[in-house]
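Data block below; observations after.
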Amino acid sequence: MVNALIFAGGVGSRMKSENIPKQFLKVEGIPIIIRTIEHFEKHVKIDNIVVVCIESWIDELKRLLEEYNINKVTNVIPGGNTGFQSIHGGLLKASEIMKDDDIILICDGVRPMLSDNLISECIEDATQYGSAVPVTESIDSVLFSEDGKASSKNFDRKKMFITQAPQGYKLNVIMDAHKRAEEKGVESVSSADLLIELGEEVHIFKGIRENIKVTTPEDLEMLRSEQYFKRFQEFAREELAVEQ
């Protein structure tokens, strides 16, 4: 069994979108959260979807799921006080119907540029390695600072990577990590960061640069741009060709 856990419990303060959480903002008339979920809804290997949502927006999300004929979402639950707690609650709900070696894909709700191939590779690698995190190479130089001044420490950008989502894990791997994290008082929204902090190895694979996380007004503006949305439509055609 392969399940997806979509967490959309944040208010998106960096988006500055007044009273609308960023995941409910629209691109070409469709909410970002729906565009994200649709990738998992349409993927043949995804059996079930759990969504963690801002409690006051659960009714609206359920309405949207019905409007857009999303059938794989079996549970919509309220988020916790932190991102870690939201993911933990979603894992507990998903685990009710999962076995230890089943795969769970964890993804934030603002990834509308996912691809079918990326999800497939995440599932395959998580099955083989127990974990699978898509990454892209850093194309910029990276500086380190703790006091507002750049330190003398030099980072080789060829060895620096940007993590993406979905992140795939065998259920027993991520549940054990969450149990240990709770015992040690450790929290991290990124499951990969959490495992690494606990001393575990994480398998990475090549992601896609178009798979942006819509966090700021600039991200939204880029996503809504004609050029970027054209690429979005190309993704849709590529996935349709794969299905056929």
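In terms of modelled atom types and a separation under 3.5 Å, the side chain of Lys72 and the main chain of Glu41 share a donor-acceptor contact. Side-chain N or O atoms of Ser131 include none that pairs as donor or acceptor with a backbone N or O of Ala126 at under 3.5 Å. Side chain of His39 to backbone of Ser115: no donor-acceptor contact under 3.5 angstrom is found. Of the possible polar contacts, none joining the Thr136 side chain to the Gly207 backbone as a donor-acceptor pair under 3.5 Å is found.
Considering only heavy atoms from C-beta on, Ile58 stays 4.5 Å or farther from Ser56 through its side chain. By the 4.5 Å heavy-atom criterion applied to side chains, Lys93 and Leu5 are not counted as neighbours. Under the 4.5 Å side-chain criterion, counting only non-hydrogen atoms from C-beta, Phe205 is in contact with Leu118. For the pair Val189 and Ser86, the minimum side-chain heavy-atom distance is 4.5 Å or more. Contact check for Ile208 versus Leu114: no side-chain heavy atoms found under the 4.5 Å cut-off. The shortest side-chain heavy-atom distance between Glu121 and Lys206 does not fall under the 4.5 Å cut-off. Leu61 is listed as a side-chain neighbour of Phe24, based on a closest heavy-atom distance under 4.5 Å.
Residues passing the ring-ring contact (aromatic ring centres under 6.0 Å, His included) test with His178, sequence neighbours excluded: Phe84, His88. For Asp100, the side-chain contact (heavy atoms from CB on, under 4.5 Å) test picks out Asn172, with sequence neighbours left out. Applying the side-chain hydrogen bond (donor to acceptor under 3.5 Å, both in side chains) criterion to Ser138, with sequence neighbours excluded, gives no partner residue. With sequence neighbours left out, the side-chain contact (heavy atoms from CB on, under 4.5 Å) criterion links Ser190 to Gln167, Ser188, Ala192, Asp193. Annotation: side-chain contact (heavy atoms from CB on, under 4.5 Å) contacts of Ile97 (sequence neighbours excluded): Met1, Asn3, Asn48. Not counting sequence neighbours, the partners of Glu200 by the salt bridge (charged side-chain N to carboxylate O under 4.0 Å, His left out) test are Arg180. Considering only residues two or more places apart in sequence or on other chains, Ser120 meets the side-chain hydrogen bond (donor to acceptor under 3.5 Å, both in side chains) condition with His43. Phe161 is linked by a side-chain contact (heavy atoms from CB on, under 4.5 Å) to Val135, Glu137, counting only residues two or more places apart in sequence or in another chain. Under the side-chain hydrogen bond (donor to acceptor under 3.5 Å, both in side chains) criterion, Asp125 pairs with His203, not counting sequence neighbours.
Every pair passing salt bridge (Lys or Arg N to Asp or Glu O under 4.0 Å) that includes a residue from residues 49-61 is listed here, sequence neighbours excluded: Glu60-Arg63. Listed by first then second residue, pairs satisfying salt bridge (Lys or Arg N to Asp or Glu O under 4.0 Å) with a partner in residues 78-88 number zero, not counting sequence neighbours.
The minimum heavy-atom distance linking Asn211 with Ala165 is given by the pair ND2-O, 2.8 Å. Here the shortest heavy-atom pairing between Gly90 and Val52 reads CA-CG2, 3.8 Å. Summarising the geometry of Gly168 relative to Cys122, their closest heavy-atom pair is N-SG, 3.3 Å, with the distance given to 0.1 Å.
Atom CG of residue Leu64 and atom CD1 of residue Ile37 lie 9.0 Å apart, to the nearest 0.5 angstrom. Atoms CG and CD1, on Asn117 and Ile119 in that order, are 9.5 Å from each other to the nearest 0.5 Å. Remark: Gln23 CD to Ile34 CD1 distance equals 11.0 Å, nearest 0.5 Å. Between atom CG of residue Asp108 and atom NZ of residue Lys22 there is a gap of 7.5 Å, rounded to the nearest 0.5 Å. Atom CD1 of Ile6 is separated from atom CD1 of Ile106 by 10.0 Å, given to the nearest 0.5 angstrom. With rounding to the nearest 0.5 Å, the separation of CD1 in Ile212 from CG in Leu220 is 8.5 Å.
The hydrophobic clustering, which links ILVMFWY residues whose side-chain heavy atoms are closer than 4.5 Å, places Leu194 and Leu105 apart. Cluster membership for Tyr68 and Ile20, using ILVMFWY side-chain heavy atoms within less than 4.5 angstrom, is shared. By the rule that hydrophobic residues join a cluster once side-chain heavy atoms approach within less than 4.5 Å of another member, Phe7 and Val186 end up as members of separate clusters. In this structure, Met160 is not a member of the same hydrophobic cluster as Ile162, with clusters built from ILVMFWY side-chain heavy atoms closer than 4.5 Å. Cluster annotation: Ile33 is connected to Ile46 through the hydrophobic network of ILVMFWY side chains, with a link wherever side-chain heavy atoms come within less than 4.5 Å.
For the pair Lys99 and Asp102, the salt-bridge criterion is not met [side-chain N within less than 4.0 Å of a carboxylate O].
Among Met98, Met175, Lys170, the one residue that satisfies the side chain to side chain contact (heavy atoms under 4.5 Å, CB included) test with Ile104 is Met98.
Here Tyr129 is tied to no hydrophobic group at all, with no ILVMFWY side chain closer than 4.5 Å.
Under a cut-off of 6.0 angstrom, the local environment of CD in Glu201 is sparse, with at most 12 non-hydrogen atoms contributed by other residues, nucleotides or ligands. More than 12 heavy-atom neighbours from other residues, nucleotides or ligands sit within 6.0 angstrom of CD on Glu67.
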